[in-house]
Enquirer: 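Here it is: the structure, laid out below.
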Amino acid sequence: MECTVFMVRCSYEQKPYRGTLMRLNGARVIKSPSTLTEVGRAALRENPDAPGSLGIANAEAIEYAATRSAARFSIGSGENHVLLHQTVLGEEALLQLQYEQFLSGEMVDSEPSDEEIRTSLGSLP
């Protein structure tokens, strides 16, 4: 799945390893404000050295998704639901790893039963 992340410019510059980690996982990381969207271009016209803001980055991501039929918007940091969102992603990743280990025969000490897998999958929101 392709992923484009609009990262606030000051965070992009102050925390380069976050961008690197996202790129290593296949994401395209855009410094916001950017020239990729009208929102970003307007912010840059007003202040070419703008440090950016979460509001501008979110507005750019929304515009980007709204102008591409195959794109969807998913909010990232700065919101109350992020902890739950990250927990669900982590739980799904653990289940996938457990399933892959089971299929490969690497999981010899504690193979999950079909019922355990169904129960784990059923507990996800």
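Everything numeric here is computed off the predicted structure, so don't read it as measured data.
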Enquirer: At their closest point, which heavy atom of Gly52 faces which heavy atom of Pro33, and how far apart are they?
Expert: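 In this case the closest contact between Gly52 and Pro33 is CA-CD, 3.6 Å.
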Enquirer: Tracing side-chain links under 4.5 Å among I, L, V, M, F, W and Y, which residues wind up in one group with Ile56?
Expert: Val39
Enquirer: Taking all atoms of both residues into account, what is the closest heavy-atom pair of Gly19 and Val29, and its distance?
Expert: O-CG2, 3.8 Å
Enquirer: Looking at every heavy atom in both Ala57 and Ser32, which two are closest together, and how far apart are they?
Expert: CA-OG, 3.3 Å
Enquirer: What's in the same ILVMFWY side-chain cluster as Leu44, cut-off under 4.5 Å, chained through other members?
Expert: none
Enquirer: CG of Asn25 to OG1 of Thr20: how many Å apart, nearest 0.5 Å?
Expert: 11.0 Å
Enquirer: Is any side-chain heavy atom of Arg18 closer than 4.5 Å to one of Met7?
Expert: yes
Enquirer: Taking only residues two or more places apart in sequence or in another chain, which ones pass salt bridge (charged side-chain N to carboxylate O under 4.0 Å, His left out) with Glu100?
Expert: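 Salt bridge (charged side-chain N to carboxylate O under 4.0 Å, His left out) check on Glu100 returns nothing, list empty.
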Enquirer: Answer whether the closest heavy-atom distance between the side chains of Glu60 and Ser34 falls below 4.5 Å.
Expert: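 In short, these two side chains touch, coming nearer than 4.5 Å.
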Enquirer: Determine which pairs satisfy ring pair (Phe, Tyr, Trp, His ring centres under 6.0 Å) with at least one residue from residues 18-71, sequence neighbours left out, and list them in order.
Expert: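 Applying ring pair (Phe, Tyr, Trp, His ring centres under 6.0 Å) to every pair that reaches into residues 18-71, excluding sequence neighbours, yields Phe6-Tyr64.
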Enquirer: What's the spacing between Asn58 CG and Leu54 CG if we round to 0.5 Å?
Expert: 4.5 Å
Enquirer: Once you round to the nearest 0.5 Å, how far does CG of Asp49 lie from CZ of Arg9?
Expert: 6.5 Å
Enquirer: Please enumerate all residues that pass side-chain contact (heavy atoms from CB on, under 4.5 Å) together with Ala66, with sequence neighbours excluded.
Expert: none
Enquirer: Which value, rounded to the nearest 0.5 Å, describes the distance between Lys15 atom NZ and Cys10 atom SG?
Expert: 7.5 Å
Enquirer: Just to verify, what does Glu38 make a side-chain contact (heavy atoms from CB on, under 4.5 Å) with, not counting sequence neighbours?
Expert: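 Glu38: side-chain contact (heavy atoms from CB on, under 4.5 Å) contacts with Arg41, Ala42, Arg45, Glu63.
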Enquirer: Just how far is it from atom OG1 of Thr4 to atom CZ of Arg28, taken to the nearest 0.5 Å?
Expert: 5.0 Å
